[in-house]
Every structure is written in structure tokens, then in C-alpha cells.
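Supplied in C-alpha cells, the structure appears directly below.
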Amino acid sequence: MRHLLNPLDLTVEEIDDLLALAGDIEKDPSRYAHVCDGKKLATCFYEPSTRTRLSFESAMLSLGGSVLGFASADSSSAAKGESIADTIRIISCYADICAMRHPKEGSALVAALNSQIPVINAGDGGHQHPTQTLTDLLTIHSLKGRLGNLTIGLCGDLKFGRTVHSLINALVRYPDVKFILISPPELKVPEYIRQDVLQANNVEFKELGNLDEALPELDILYMTRVQRERFFNEEDYIRLKDCYILTPKKMKLAKEDMFILHPLPRVNEISVEVDKDPRAAYFKQAQYGVYVRMALIMRLLEVGTPC
Ligand code: NCD
């Protein structure tokens, strides 16, 4: 039985296979409409979500399976003090696979260690979010035709943004990927990402405070919101929340073929006028999230590809 807790749980070959399957699903979703008939996905979400939970549910429904679950900690027995270990034992009796989101780092690992069914980490605190990374990789691959030989700018809250941590983890395995990490000093990437991931893999990166300076060099700009819920105090959040706002004027500094990604939700960091720019790829990115989650569910449940 396989779980997905971190993008590194998948080899580069397995990621290639998932992206290829997702691409195939995109071309002809109806071919896959019954591959999970009779299977159930549980979505156990202890933290707010729109895209991740609903795209998981949409993915399972599109494969012919069914879904059950809860969308907030207060509507589950967590509110009565039940542990994740006990909850997942029970969910294992009710479903074939589980996608879990929780505010504590490491919670998906605890679930996996106590589970009889595959557990997918749908976000554990400020740590990892591997299925957003699969979505991001599929988006980059379909826009650029490759995952190597790219200069990627990651901008915003690089400290608490779990999508950033997972994406860096995954991308360092491709050749000639360079990172420009754009954040205020308080929101730089955690030391373990800088040392154990970037430096340990001899990956070229620089850390900048200024978005304008980075823009002309980038092939991909990955914007993120400042993660209010992970701040210790509101004043710091207010001071930092609007540190970067991407506007049509700033987009003039970017290459004609630089694409903008964002895991969403957007707060203020991309002005709505930028949505009209053909380089704005964040809504398309959300659509790709369904195809790649369909592919992941198929692989973790080991259901065959229809002939
Ligand atoms: C992200 C998350 O939950 O980490 N959202 C998502 O899953 N698309 C990003 C965020 O909340 O800022």
C-alpha cells in the first residue's frame, strides 16, 4: 500500500507517469468514467479548502467512485478530542482511500502510520502539499513543454507556504532548474529547504526582496498569498500582507512567454486586471488539479487504465 505525504514519495518516473496519465485523461475524460466504480474516497479536512477538497471529490466522481467526509474540524469527532490515529482507523473501515488536510505539520504521516488505506496529504500545516505540486508540475509541463531548464520565481510567503516547499522539493530533481526566491526577510524559505534541499542538491538559487528586479529573468512566476492563519500576531500579518502586488504595469517587465501560476486562493497579491493577460495561468492550473488527482487516485488504488 502506498501513501503520498511528500512529493519525494514519488520517483521522477512515477511523476512522469502521473503527468502522462493526467494528460490522457484531459484528452478523453469519458474513457475513465467507470474505472473506480464502487470505490470510495474520504476527504477529511480539518482546515478550510475550496479547490483541494472539491477537486479531489470531483476527481473521484469523474472516475465513477463516490465520496464521503467532513470539511471542518468542528464537524468531526476531533471537536470531541479524538486523535488522528483513531479517526483514520475508523475511516479505513468506511473508505478505500483518504485525502487529509490538517493544520499540524506531520499529521498526514501520523494518519498513514495508522491507516489500512492509502493516505494522501492534502496539506499539513506549513509543511507540504504534494498534490498541489503535481498540479503545478502538470501546469508547467503543459505550458512550457518541459520541467527542466527553467528559471522559476517563487514570490510571497515562502516561510509558511507549504505549496512552495513541496514545489521546490519536486523541482530540484530536474536538470538546470534555477530559483529566484522573492520574499521579505521575515518570510524567507525555512532553513531546512535552503540547506537540505537547495544547497544539498547544488541547485542555483538567489534570495531577493524585490519582485521587479527578478521579473525579467523568469520563465515561471509562482505567486503566493501571505498565510495569515500561520502568523503568531495580526500586526505582523498586516505589515506584510501587501508586500507584493502583481499589476499589469509590473507584467511589462516580464518575458512574453513567462507564465504566472498561483495555487489560489488569491487575496491581494495579483491584481484582477492581470487575469486578462494571456500569461495568467492560475485558473487553468486549478482545472489541471482535477486531472492529476484523477491520475493519482487511479495509481494509488491500482486500478488499470481502460483499453
Ligand atoms: C494552498 C494551500 O492550502 O496551501 N491552497 C490550495 O490548496 N490550492 C495555498 C494557500 O492556501 O495559500
Side-chain angles (χ1 to χ4, degrees), residues 4-7 22 41 43-60 69-73 98-108 119-140 152-171 181-184 187 189-190 193 220-231 236-237 240-246 260-270 275 280-294 296-297:
L4 179 63
L5 307 178
N6 184 306
L41 164 77
T43 51
C44 300
F45 276 59
Y46 297 83
E47 246 194 2
S49 170
T50 300
R51 270 150 297 274
T52 305
R53 187 170 64 82
L54 297 183
S55 66
F56 262 116
E57 297 192 355
S58 171
M60 189 48 147
F70 52 86
S72 71
C98 173
M100 178 178 282
R101 169 171 288 187
H102 196 283
K104 281 215 183 93
E105 290 77 10
S107 47
V119 172
I120 303 170
N121 180 8
D124 61 328
H127 188 219
Q128 298 284 331
H129 191 347
T131 62
Q132 181 63 48
T133 296
L134 293 174
T135 304
D136 302 339
L137 296 178
L138 180 61
T139 310
I140 296 171
I152 313 240
L154 298 156
C155 177
D157 186 346
L158 310 186
K159 178 179 182 185
F160 296 117
R162 55 194 172 196
T163 64
V164 167
H165 307 157
S166 285
L167 186 57
I168 294 177
N169 249 343
L171 278 171
L181 306 173
I182 309 142
S183 74
L187 298 179
V189 287
I193 296 280
I220 296 286
L221 171 62
Y222 193 91
M223 293 296 292
T224 61
R225 80 182 163 95
V226 175
Q227 305 275 303
R228 179 181 202 162
E229 65 277 32
R230 307 203 200 288
F231 271 67
D236 284 351
Y237 170 71
L240 293 167
K241 71 184 174 65
D242 292 328
C243 51
Y244 301 105
I245 301 180
L246 187 65
I260 313 159
L261 272 64
H262 191 311
L264 302 177
R266 152 177 64 188
V267 184
N268 249 345
E269 58 283 351
I270 303 179
D275 298 355
Y282 29 92
F283 293 119
K284 185 73 190 152
Q285 186 184 355
Q287 172 69 56
Y288 282 131
V290 178
Y291 303 130
V292 89
R293 289 184 174 99
M294 287 171 78
L296 177 67
I297 292 169

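One-based numbering, in listed order, for ligands and for the atoms of each. From a predicted model like this one, the values you see are computed outputs, not experimental measurements.
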Proximal ligand 1 atoms for Q227, defined as those under 4.0 Å from one of its heavy atoms
10 (C), 12 (O)
More than 12 heavy atoms from other groups under 6.0 Å of NZ on K104:
no
Hey, does the side chain of E105 reach the backbone of G126 with a donor-acceptor pair shorter than 3.5 angstrom?
yes
Q132 neighbourhood, listing ligand 1 atoms whose heavy-atom distance to it stays under 4.0 Å
6 (C), 7 (O), 8 (N)
Would the distance check show the side chain of T224 and the main-chain N or O of C155 forming a donor-acceptor pair, the cut-off being under 3.5 Å?
yes
Within-cut-off N or O pair, T163 and ligand 1, under 3.5 Å:
no
Distance filter under 4.0 Å to R225 heavy atoms, resulting ligand 1 atoms
10 (C), 11 (O), 12 (O)
Taking distance alone, with no angle check, do P263 and ligand 1 share an N/O pair under 3.5 Å?
yes
Nearest protein heavy atom with distance in Å, relative to atom 3 (O) of ligand 1:
R162 NH2, 2.9 Å
Within less than 4.0 angstrom of ligand 1, does G123 place any heavy atom?
no
Tell me whether the NZ or CZ atom of R293 lies within the 45° cone about the ring axis of F56 and under 6.0 Å from its centre.
yes
The closest protein heavy-atom partner of atom 6 (C) of ligand 1 is L264 O, 3.5 Å
Ring geometry between F231 and F160 (parallel below 30°, tilted from 30 to 60°, perpendicular above 60°):
tilted
Which atoms from ligand 1 have a heavy atom of T52 less than 4.0 Å away?
6 (C), 7 (O)
Could you walk me through whether R101 and H129 satisfy the side-chain hydrogen bond (donor to acceptor under 3.5 Å, both in side chains) test, starting with their C-alpha distance in whole Å, then the side-chain angles of each, then the deciding distance to 0.1 Å, before giving a yes or no?
CA-CA 9 Å; R101 169 171 288 187; H129 191 347; 3.1 Å; yes
Verify, without hydrogens or angle tests, whether H165 (side chain) and H127 (backbone) share a donor-acceptor contact under 3.5 angstrom.
yes
Ligand 1 atoms nearer than 4.0 angstrom to some heavy atom of P265 are 10 (C), 11 (O)
